[in-house]
Colleague: 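First, the structure itself, so that you have it in front of you.
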There are 2 protein chains.
Amino acid sequence: MNQISPRNSPEASPARRRLLDTATRLFYELGIHAAGIDRIIAEAGVAKATFYKHFPSKDELVVAYIEEQDRLGREAVATLPKQPPRESIAAIMGRISEAVVAGGWRGCPFLNAAAEYPDPTSPVRRAIDARRVWYHNSLRKLLAEDGDPAPSVTASLLVALSDGLLESAYLDDPEKIPALVQEGVDRLLERR
Amino acid sequence: MNQISPRNSPEASPARRRLLDTATRLFYELGIHAAGIDRIIAEAGVAKATFYKHFPSKDELVVAYIEEQDRLGREAVATLPKQPPRESIAAIMGRISEAVVAGGWRGCPFLNAAAEYPDPTSPVRRAIDARRVWYHNSLRKLLAEDGDPAPSVTASLLVALSDGLLESAYLDDPEKIPALVQEGVDRLLERR
DNA sequence: ATATAGAGACAGACCTGTCTGTGTAGGAGA
DNA sequence: TCTCCTACACAGACAGGTCTGTCTCTATAT
């Protein structure tokens with residue numbers, strides 16, 4: 001038996017792919033606790049034994065969900081065109097508007113998950129932490145390049161503004177978000 | 001039987017008071033779905049029948065929890081000293097720092113609840129909406145008094161900053177919040 | 001005497017996770 | 001080409017626990 005045959009690669013399994021896609025949709029739409037395993041496997045068309053072969057527990061599925069959302073976000077940022085730092089920041093923040101005007105926005109997946117996982121040492125919370133550290137650092141580096149005298153402070157404010165506007169898009173009026181993103185970034189960035 | 005006797009007032013029942021206090025603590029610490037009725041009544045020392053006499057369902061208890069948190073916030077703002085609008089805004093935003101440095105902060109109760117209630121027509125979401133409308137309007141009026149040329153936009157940005165900093169206090173470093181509140185308000189308010 | 005509330009059994013549904021059994025597709029060897 | 005073998009996945013029963021909500025019975029206090 002070939003232990004490193006392609007079939008052992010996680011991505012090579014269609015069942016695993018269907019499970020993660022279905023879980024992503026249901027976790028986001030219903031909330032994590034409200035989306036049961038029985039429903040996930042039924043809508044994915046996967047047997048329960050197959051599910052527990054790919055994921056040791058529901059929490060591991062949640063971690064995979066969080067990590068994949070994180071990875072997709074990082075890839076989207078990585079493929080942004082090379083441009084001056086201030087334009088890069090505007091482009092990163094502009095992704096908020098894109099995510100939100102598409103419709104079906106139900107809040108930031110990471111904040112929603114954090115609301116359901118109080119234990120900061122849980123694997124789910126660690127995955128969320130990793131995402132937040134990456135996001136803050138990405139902005140901080142661009143701000144430093146831009147000559148911001150306190151790039152870490154400004155980055156924290158931009159992170160807070162991002163989180164707040166993503167929640168506002170869920171709970172208030174999504175159509176106002178694009179203008180608020182632009183205005184908020186303008187006001188938070190140091191004028192020169 | 002006197003239908004409007006004092007004993008019919010909701011606040012007159014110690015059992016109801018214990019239920020709401022215990023539910024408030026458990027909903028906030030564990031999350032709403034994760035806090036079961038059995039545990040709430042056990043820790044409150046209340047019989048199940050008594051619980052269902054005071055609250056027709058768990059969701060009604062959740063609504064009472066949200067509405068009470070909302071009421072407490074409004075009372076705290078109402079008792080702030082009369083002062084110029086910009087100082088009032090600073091005082092309202094300063095409540096974020098107070099809430100957070102006390103320790104045990106687990107995120108904004110309203111945002112956490114919204115994460116668990118996807119249906120925007122549910123009573124819980126309506127209670128959250130009412131809170132957000134009040135908060136936005138309070139800031140907008142003060143900004144208009146202050147002569148802000150676009151008080152609604154600025155108010156939306158301050159609401160977003162509030163939400164984002166409350167989440168940051170939960171997921172990042174709470175000790176940095178007071179400085180970020182001050183700095184964020186400074187940058188968002190129109191300079192004159 | 002009546003209102004209030006404690007204790008707890010119970011129903012029916014749903015939760016996660018384990019288990020057995022069946023079907024199928026593809027590669028290896030004759 | 002035919003057959004065997006192995007990996008994979010589907011179907012679903014089952015266990016043990018928890019969920020909300022209803023019920024009966026008992027105790028207390030005014």
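Throughout, a chain's letter reflects where its sequence line sits, starting with A, and its residues are numbered from 1. Scope of the values below: all heavy atoms of this structure, side chains included, with no hydrogens, waters or symmetry mates.
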Colleague: When you look at CD of B/Gln182, are more than 12 heavy atoms from neighbouring residues, nucleotides or ligands closer to it than 6.0 Å?
Modeller: no
Colleague: What's the closest nucleotide to the B/Lys53 side chain, out of C/dG6, C/dT16, C/dT4?
Modeller: C/dT4
Colleague: Under the 6.0 Å and 45° cation-pi test, does A/Arg125 pair with B/Tyr170?
Modeller: yes
Colleague: If I take atom CG in residue A/Leu61 and atom C1' in nucleotide C/dG17, what distance separates them, rounded to the nearest angstrom?
Modeller: 14 Å
Colleague: Measure CD1/A/Ile37 against C1'/C/dT18 and give the value in whole Å, please.
Modeller: 13 Å
Colleague: Strictly below 4.0 Å: does B/His54 bring a side-chain N or O up to OP1 or OP2 of C/dA5?
Modeller: yes
Colleague: Determine whether B/Trp134 and B/Val77 make a side-chain contact, defined as any pair of heavy atoms from C-beta on separated by less than 4.5 Å.
Modeller: yes
Colleague: D/dA9, OP1 or OP2 - any side-chain N/O from A/Ser13 closer than 4.0 Å?
Modeller: yes
Colleague: Nearest to the side chain of B/Ala49, heavy atoms from C-beta on, is which of D/dT20, C/dT18, D/dC23?
Modeller: D/dC23
Colleague: Could you check how far CG of B/Leu30 sits from C1' of D/dT18, rounded to whole Å?
Modeller: 14 Å
Colleague: Taking only the side-chain heavy atoms of B/Lys48 (C-beta and beyond), determine which of D/dA9, C/dT18, D/dT22 contains the nearest atom.
Modeller: D/dT22
Colleague: Kindly point out which of C/dG6, C/dT16, D/dG12 is positioned nearest to the side chain of B/Thr50?
Modeller: C/dG6
Colleague: Nearest of C/dA5, D/dC8, D/dT20 to any side-chain atom of B/Lys58?
Modeller: D/dT20
Colleague: Is it the case that the side chains of A/Ser168 and B/Arg132 hold a donor-acceptor pair, with the cut-off being a distance below 3.5 Å and no angle test?
Modeller: no
Colleague: Rounded to the nearest angstrom, tell me the gap between atom CZ in B/Phe55 and atom P in C/dA5.
Modeller: 11 Å
Colleague: Is any side-chain N or O of A/His33 closer than 4.0 Å to OP1 or OP2 of D/dC19?
Modeller: no
Colleague: The side chain of A/Ala47 is closest to which nucleotide in this list: D/dT20, D/dC8, D/dA11?
Modeller: D/dA11
Colleague: Could you give the CZ-to-C1' distance, from A/Arg17 to D/dC8, as a whole number of Å?
Modeller: 18 Å
Colleague: Nearest to the side chain of A/Asp38, heavy atoms from C-beta on, is which of C/dT16, C/dG6, C/dC19?
Modeller: C/dT16
Colleague: For atom CD of B/Glu175, is the number of surrounding heavy atoms from other residues, nucleotides or ligands below 6.0 Å larger than 12?
Modeller: no
Colleague: In whole angstrom, what separates A/Ile41's CD1 from C/dC14's P?
Modeller: 15 Å
Colleague: Between D/dA7 atom C1' and A/Arg16 atom CZ, what is the distance in whole Å?
Modeller: 18 Å
Colleague: What does A/Arg18 touch in the nucleic acid at a heavy-atom separation under 4.0 angstrom: a base, only the sugar-phosphate, or nothing?
Modeller: sugar-phosphate
Colleague: Output the rounded distance in Å from CZ (B/Phe51) to P (D/dT20).
Modeller: 8 Å
